[in-house]
Amino acid sequence: MAKKYSCQFVLIRGQVTRKEQTMSQIRVRFAPSPTGYLHVGGARTALFNWLFARKNKGVFVLRIEDTDTLRNDEAMVRGILEGMEWLGLNYDEGPFFQSDNYEKHRAAALQLLENGFAYRDFTPKAERDDATIKQRVAEAAKQEKPVNAYRTLSREESDARAAAGEPFVIRFKVLEEGKTQFEDEVFGLQERDYKDIEDLVLLRSDGHPLYNLSVVCDDIEMAITHVIRGQDHLSNTHKQVLLYQALGKPVPRFGHLPLIMAPDKGKLSKRKHGEIVSITTYRDAGFIPDAFLNFLALLGWSPDFNEYGDREIFSREELIQSFSLAGINKANAVFNFTQGDARNWTDQKALWMNAEYIKTIPLETLLPFVKAELQQSGLWRDAYESEQKVWFDHTLTLLRERARTVKDFTNHGRPYFVDDISFEFDEVAVKKNLQKDAALKDLLPQLAEAFATLDDFTHDGIEALLRKTAEEKGVKVGLLTNATRTALTGQSVGPGLFSVVEVIGKDRTVARLKHATQLM
RNA sequence: GGCGCGUUGGUGUAACUGGUUAACACGCCGCCCUCUCAAGGCGGAGAGCACGGGUUCGAGUCCCGUACGCGCUACCA
């Protein structure tokens with residue numbers, strides 16, 4: 001049965017208007033493409049923007065970059081929102097949709113044309129096959145590009161041809177002499193010669209504004225002060241700086257983030273690597289959001305050493321407190337995992353961190369996650385919140401010590417929550433702990449009888465009984481405890497056995513010990 | 001091809017403005033605890049800081065070159 005996750009974030013096409021703000025207020029944005037899911041890389045970008053905003057009492061804006069009409073679909077946006085909601089990356093404004101601002105972008109292009117910063121290019125459109133686009137672009141780039149002939153076309157002729165209905169694109173006219181520069185918050189001073197920047201297209205021949213123009217217009221419109229995004233945008237930033245200048249607007253600060261790569265240092269993609277790249281996968285696999293957030297934050301960033309030392313565990317608040325762009329590493333980070341390994345299906349450090357959170361956060365904080373999990377697997381009882389709460393909390397305290405994900409409360413916890421024996425008996429455990437010694441066939445029923453009449457059914461009373469029985473029968477305590485563990489839980493590992501017997505309780509213990517003889 | 005960015009153990013990161021045998025975490029291996037363990041405790045292996053030069057009394061930290069990786073180079077974002 002699939003759990004329903006309602007998305008509380010409402011998809012309203014926000015108006016791009018903003019509240020009064022002080023000049024110094026920091027404003028950042030996360031601007032994903034509507035791909036249908038939130039990618040771990042995107043999530044980290046969102047996280048760093050969010051941390052930066054919260055740390056500096058700024059504003060975090062969400063903007064959907066749906067300029068590519070092919071993927072403009074609200075269903076595609078939902079996945080992004082779900083991921084952000086789960087991680088608790090709440091935004092202050094938006095979601096805004098870039099496509100809603102087409103007219104403004106177009107107007108900006110026209111303005112640049114009018115002011116002589118751009119020109120019409122009447123070169124016929126070259127058809128490109130989407131599948132081989134990357135390759136073809138790379139090929140084409142190898143050849144020296146001739147200076148665009150329309151750069152110097154007279155205004156009169158340009159106007160005349162446009163009026164005659166001839167199709168054209170509007171290109172930005174990059175000056176021949178000079179260079180752009182900006183100080184990147186992560187990578188430092190960036191410079192680029194104008195001659196290395198091509199005359200970028202602002203408006204397609206069908207009137208559609210293109211990415212570089214759109215981001216700049218929107219970031220101006222939304223008064224973004226710090227553009228924090230993936231390093232894949234670093235080179236293009238020079239073009240954008242040029243646009244800000246031509247538009248006569250102040251250039252924001254930029255901070256580029258190193259990328260998250262696959263173990264082979266190649267691109268981490270859903271196509272190649274599957275669900276592991278999608279944030280909702282972690283939600284559905286039993287991760288605690290704060291744990292995953294913590295892990296993500298440390299992927300390419302570290303807090304100031306002098307202040308925080310070697311710490312690795314940071315609560316959400318501590319993350320905000322300690323966050324600084326100065327701590328961002330410049331090299332790409334590898335998201336480490338082995339495909340096909342069921343136990344270590346994702347980065348092992350992420351799993352470790354999740355386990356760490358499960359065993360150390362306040363029980364009351366953990367409770368809702370476990371409740372949701374048990375409800376989903378049909379193991380939940382309302383009594384766990386009322387008359388059985390003490391027992392339930394005790395059981396969780398035992399179980400969480402060995403859980404890596406919240407799913408383990410079902411996987412390992414089932415024997416603790418069901419009355420009958422509708423849980424799996426691990427084959428290896430049965431063989432090793434129940435079938436190995438034939439004496440158990442008699443010992444377990446005797447043990448069951450002994451437990452049935454035990455008045456002090458507590459950890460200590462149980463231990464005393466088991467030790468005494470072992471002594472009387474002349475067997476090792478381990479023989480009895482291991483057999484009991486498997487009889488009661490079907491498993492070979494778990495919490496201390498005396499505690500296990502205690503929480504399983506007298507009735508189930510007796511019944512399961514008797515039943516175990518059938519397995520021998 | 002051009003331009004840009006990067007390179008510390010398997011992975012993620014440290015190492016004050018150059019100065020002890022390069023530290024921590026995950027993982028791995030071993031030992032211990034013990035009723036088991038995928039838990040806990042303890043310990044170990046694993047990089048001499050991509051490579052080659054240079055500056056310096058001294059460089060992972062500064063400079064140059066090379067290699068490799070990544071990004072951008074589109075009427076994609």
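Throughout, protein chains are lettered first and strands after them, A, B, ... in sequence-line order, and every chain is numbered starting at 1.
- Rounded to whole Å, the C1' atom of B:rC33 lies 8 Å from the corresponding atom of B:rG40.
- Within the 4.0 angstrom heavy-atom criterion, base atoms lie near A:T123.
- The pair A:D219-A:R29 counts as a salt bridge, with a side-chain nitrogen and a carboxylate oxygen less than 4.0 angstrom apart.
- One finds the CG atom of A:L447 at 5.5 Å from the OG1 atom of A:T469 (value rounded to the nearest 0.5 Å).
- Here A:H238 contributes atom NE2 and A:D193 contributes atom CG; the two are 9.5 Å apart, rounded to the nearest 0.5 Å.
- Relative to the side chain of A:V493, the nucleotides B:rU36, B:rG71, B:rU11 differ in distance, and B:rU36 lies closest.
- Nucleotides B:rG9 and B:rA50 place their P atoms 7 Å apart, quoted to the nearest Å.
- Across all strands, A:N482 comes closer than 4.0 Å only to sugar-phosphate atoms, never to a base (heavy-atom distances).
- The phosphate of B:rC35 has OP1 or OP2 within less than 4.0 Å of a side-chain N or O from A:R467.
- Between A:H39 and A:Y37, the ring-plane angle classifies as tilted under the 30° and 60° cut-offs.
- Between B:rU21 and B:rU17, the two C1' atoms lie 25 Å apart (nearest whole Å).
- A:Q98 and A:D66 form no side-chain donor-acceptor contact under 3.5 Å, judged by distance and modelled atom types alone.
- Cation-pi geometry between A:R120 and A:F122 is not satisfied (NZ or CZ under 6.0 Å from the ring centre, within 45° of the ring normal).
- Spacing between B:rU55 and B:rC64 at atom C1', rounded to whole Å, works out to 11 Å.
- Rounded to the nearest 0.5 Å, atoms CZ (A:R44) and CG (A:L299) are 5.5 Å apart.
- In this structure, A:K476 does not pair ionically with A:D437, as no charged nitrogen and carboxylate oxygen lie closer than 4.0 Å.
- Listed in residue order, the members of residues 298-308 of chain A having a heavy atom less than 4.0 Å from RNA chain B are A:L298, A:L299, A:G300, A:S302, A:F305.
- B:rG71 sits 28 Å from B:rG52 when the P atoms are compared, rounded to a whole Å.
- A:D347 contributes a side-chain N or O that, together with a main-chain N or O of A:N336, makes up a donor-acceptor pair within less than 3.5 Å.
- In this structure, A:Y416 has its ring center no closer than 6.0 Å to that of A:H394.
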What's touching nucleotides 1-6 of chain B from the protein side, N or O pairs under 3.5 Å?
{"residue": "B:rG1", "atom": "N2", "partner": "A:A141", "partner atom": "O", "Å": "2.8"}
{"residue": "B:rG1", "atom": "N3", "partner": "A:A141", "partner atom": "O", "Å": "3.4"}
{"residue": "B:rC3", "atom": "O2'", "partner": "A:R192", "partner atom": "NE", "Å": "3.4"}
{"residue": "B:rC5", "atom": "O2'", "partner": "A:Q231", "partner atom": "NE2", "Å": "2.7"}

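- Side-chain contact check for A:R404 and A:N344: at least one donor-acceptor pair (N or O, by modelled atom type) lies under 3.5 Å.
- Comparing B:rU73, B:rC75, B:rU36 by their closest approach to the side chain of A:N236 singles out B:rU73.
- Here A:Y119 pairs with nothing under the ring-ring contact (aromatic ring centres under 6.0 Å, His included) rule; sequence neighbours left out.
- Stem list for RNA chain B (at least 3 consecutive Watson-Crick or G-U pairs, distances under 3.5 Å): B:1-7 with B:67-73, B:10-13 with B:23-26, B:28-32 with B:40-44, B:50-54 with B:62-66.
- The aromatic ring centres of A:F48 and A:F323 sit less than 6.0 Å apart.
- For the ring-ring contact (aromatic ring centres under 6.0 Å, His included) test, residues two or more places apart in sequence or in another chain that qualify with A:F287 are A:Y282, A:F292.
- Distance from the side chain of A:F498 is smallest to B:rC35 among B:rC35, B:rG71, B:rC75.
- Spacing between B:rC37 and B:rU7 at atom C1', rounded to whole Å, works out to 40 Å.
- Rounded to whole angstrom, the span from the NE2 atom of A:H459 across to the C1' atom of B:rU34 amounts to 12 Å.
- The same atom, C1', is picked in B:rU20 and in B:rC3; the two are 43 Å apart, to the nearest Å.
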Just by protein heavy atoms under 4.0 Å, how would nucleotides 23-31 of chain B read 5' to 3' in B, S and -? SBBSS----
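- Base orientation of B:rG48: syn, since the glycosidic angle falls within 90° of 0.
- Of the listed nucleotides (B:rU13, B:rA77, B:rC35), B:rA77 has the atom at the smallest distance from the side chain of A:E65.
- The residue among A:E356 and A:L203 whose nearest nucleotide of RNA chain B is located toward the 5' end is A:E356.
- Across B:rG53 and B:rU61, the matching P atoms stand 14 Å from one another, rounded to whole Å.
- With hydrogens and angles left out, the side-chain atoms of A:D460 and A:T458 include no donor and acceptor closer than 3.5 Å.
- Side-chain atoms of A:H412 lie closest to B:rA38 of the nucleotides B:rA38, B:rC70, B:rG12.
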